[in-house]
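Every chain is numbered from 1, with letters handed out A, B, ... down the list of sequences. Computation of the quantities below employed the complete heavy-atom set of this structure, encompassing side-chain atoms and omitting hydrogens, waters and symmetry-equivalent molecules. All of these numbers come straight from a predicted model, not from anything done at the bench.
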Amino acid sequence: MSASVVRLFQVGKRYSERYALKNVSFSLREGEFVYITGVSGAGKSTLLKLLFAMERPSEGQVVVNSSDISRLGKRALPGFRQRVGFVFQDFKLLPDLTVFDNVALPLDVRKTSAADVEYRVNGVLSLVGLGDRGNDYPTSLSGGEQQRVAIARSVVSRPSLLLADEPTGNLDSRNAREIMSLFREICSMGTTVCIATHDEFLMNEYPARKIELEQGTILSDNRAEFL
Amino acid sequence: MRPLHSLRRSFQDFRRHPWLHGLSIVTIAISLLILGVFLVVYRNFVHLADHASPTPIGTAYLQEGLNELEVNNLSDRILGMEGVRDVEFKTRKSVLEELANFYGDSTVDPSGVEGFFPNLLEIHLRETVNEHSLKRLADQISSFPEVTQVDFARGWQAQFKRLKNVMSWIGLALMAGLLLGCSFIIANFMGMRHQSRRRDIEIIHLMGASRRYILMPFLWEGMLEGLMGVGVAVLALIVLNSVFLVPLAKQWGGMAGIDQFAFLSPSQIAYMVGTGLVMALIGSVTVFIRIREN
Ligand SMILES: Nc1ncnc2c1ncn2[C@@H]1O[C@H](COP(=O)(O)OP(=O)(O)OP(=O)(O)O)[C@@H](O)[C@H]1O
Ligand SMILES: [Mg+2]
């Protein structure tokens, strides 16, 4: 049907002698919504890091937006990152920038016009329910609010692939639901969304393809159900 | 890109690390102050020399036993030569008196050394006389039989020129030395700030920032530090000038025929601005190299 945004072929990731991922193969289509799940230590974060070129595979091939991660040069990295959004498990907000400036960062690095930045940042901030917190600093926000800032920042540049590592980990169920429907909405606009989570409740409420990892290998992939 | 966004990020860093930035600025200011003091001294040295000797003066030492007619005749011939403005006859007696005045009466006993000093003609030249015609003039005058020896103070001028050259070289060496030393120190401060911003830089990198985007604030910081350092140095020089040089000139300037010392010329200030900026920029550039290594 549509082109694959992500393609992994027999991917292995080793830290010293231990495998965090081993023999992982799957692909994600444009606009697909997928959960990466598994117990703690199964390799979810490692997998997302490979997709964001924060780590290089030890074996096999990882292709994202037609870029082979193993062959991605230093010069190509900024351009590659600009097309992929990432919600980090530890948020990675800049404490010295306001919420607005934090969210504007992915636009600033791409030389977006001031008016466009203003419009889009305010847009996503109200989308995550922080429309009136733009001038605050991250340290003055609660954990859940910081998480929503991180989410706003990851989608503000309308990436073709959105990766999220436990994006609802710090949210109450009401906020978690809102965030999930936000991800759904982004997905419906054509972005491929890939969420690492072990929140069974959410996965049941918003059913989608689920790739389950166990000790670094794929235990199950219900891809067929969502074709 | 929002206008001067990187400049704003620099200002934020000035607020975050006031001490590190302050130290860089003080480093630049102190070294520029040294440079500035040297430039002021150099400028006044040149000025003073110009004042002290607006035109060269020559001395023609005469044979013993010339009569007044012969002396007048010689004076007229020299006065008729190109480049000569005035000729003044001085007897050994008047020369000795001048000397005695200069050294204080007791040190020289005119009667004792009278024999060593011949009568002489003091030759005042026009300002237009150059090195070349000076030599021709000296050759011509020394060929007159009434003249034993001609001294055109060329030695003194050459000495002055040499001294001026030496000072220029000292100035250049001083600048190069300060430039190197300062850049090294600033580079270290910059490195410390880069270190403290490591986490931030990593995050910005993850947002897809290019090297240029990450490094621009460091360049701005370098420029701002350089400019502020120059500002502090020039202000300090102005204060030093009004506290020391102005009263000094009032008290002693009269002796050298000047009523005030010269301050920095606009081109010298431009020179300091340039040096300050180069210092700070060399410091910033090392951050580029550091980041390349990562
Ligand atoms: N940088 C690293 N160096 C060494 N080992 C690592 C590194 N990163 C991850 N690992 C190991 O790889 C395995 C998978 O880790 P990963 O973070 O991917 O798990 P996870 O599924 O995200 O777990 P969690 O749900 O707790 O976040 C773990 O055993 C971990 O110890
Ligand atoms: Mg994890």
Side-chain angles (χ1 to χ4, degrees), chain A residues 48-49 52-55 65 72-88 90-98 100-121 137-138 149-150 152-157 159-161 163 165, chain B residues 1-22 24 189-222 224-225 284-294:
Chain A
L48 292 195
K49 280 177 187 164
F52 198 53
M54 283 169 81
E55 299 278 5
N65 285 330
L72 206 59
K74 263 188 181 174
R75 279 172 192 282
L77 201 55
F80 172 84
R81 294 254 169 87
Q82 285 168 17
R83 293 163 63 203
V84 182
F86 202 117
V87 184
F88 299 94
D90 57 351
F91 317 146
K92 294 199 194 297
L93 300 176
L94 295 176
D96 297 304
L97 296 185
T98 61
F100 184 98
D101 285 336
N102 263 288
V103 175
L105 206 54
L107 300 176
D108 274 328
V109 301
R110 298 202 294 183
K111 301 186 164 70
T112 314
S113 77
D116 218 17
V117 170
E118 190 83 15
Y119 174 76
R120 283 163 74 167
V121 172
Y137 285 86
V149 175
R153 185 182 61 183
S154 72
V155 298
V156 73
S157 59
S160 61
L161 173 64
L163 306 168
D165 201 351
Chain B
M1 184 141 76
R2 281 180 291 164
L4 296 181
H5 187 255
S6 52
L7 182 60
R8 211 172 46 138
R9 284 195 283 147
S10 299
F11 275 125
Q12 276 162 352
D13 199 70
F14 270 79
R15 259 183 299 164
R16 215 179 333 159
H17 300 295
W19 284 106
L20 283 179
H21 287 285
S24 296
F189 289 144
M190 284 250 179
M192 283 160 81
R193 291 207 301 277
H194 169 237
Q195 203 63 29
S196 78
R197 261 191 275 181
R198 230 194 166 83
R199 198 188 93 95
D200 290 10
I201 289 175
E202 246 155 49
I203 293 172
I204 295 172
H205 201 59
L206 287 174
M207 297 298 118
S210 61
R211 257 163 58 92
R212 217 179 85 101
Y213 181 90
I214 291 171
L215 294 172
M216 267 318 266
F218 286 98
L219 272 189
W220 279 116
E221 278 159 38
L224 288 173
E225 283 175 357
S284 322
V285 165
T286 60
V287 176
F288 277 64
I289 296 162
R290 259 171 230 255
I291 289 206
R292 191 200 297 268
E293 281 167 0
N294 293 340

What's the verdict on side chain to side chain contact (heavy atoms under 4.5 Å, CB included) for A/E118 and A/F100, showing C-alpha distance, side-chain angles and the deciding distance?
CA-CA 9 Å; A/E118 190 83 15; A/F100 184 98; 3.8 Å; yes
- Query: Could you walk me through whether A/M54 and A/F88 pass the side chain to side chain contact (heavy atoms under 4.5 Å, CB included) check?
  - Reply: CA-CA 12 Å; A/M54 283 169 81; A/F88 299 94; 3.9 Å; yes
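Most heavy-atom pairs under 4.5 Å with chain B: of the set A/V84, A/D116, A/L93, this distinction falls to A/L93.
Heavy atoms closer than 4.5 Å to chain B are found in the side chain of A/F52, but not in its backbone. Of the two parts of A/R83, neither the backbone nor the side chain holds a non-hydrogen atom closer than 4.5 Å to a non-hydrogen atom of chain B. A/L107 does not touch chain B: none of its heavy atoms, backbone or side chain, sits under 4.5 Å away. For A/F86, no part sits under 4.5 Å from any heavy atom of chain B, backbone or side chain.
For the pair A/R153 (side chain) and A/F91 (backbone), a donor-acceptor distance under 3.5 Å is present.
Counting non-hydrogen atoms of neighbouring residues, nucleotides and ligands closer than 6.0 angstrom, the NE2 atom of B/H205 reaches no more than 12 such neighbours.
If you take CG on A/L97 and CG on B/D200, they are separated by 7.5 Å, rounding to the nearest 0.5 Å.
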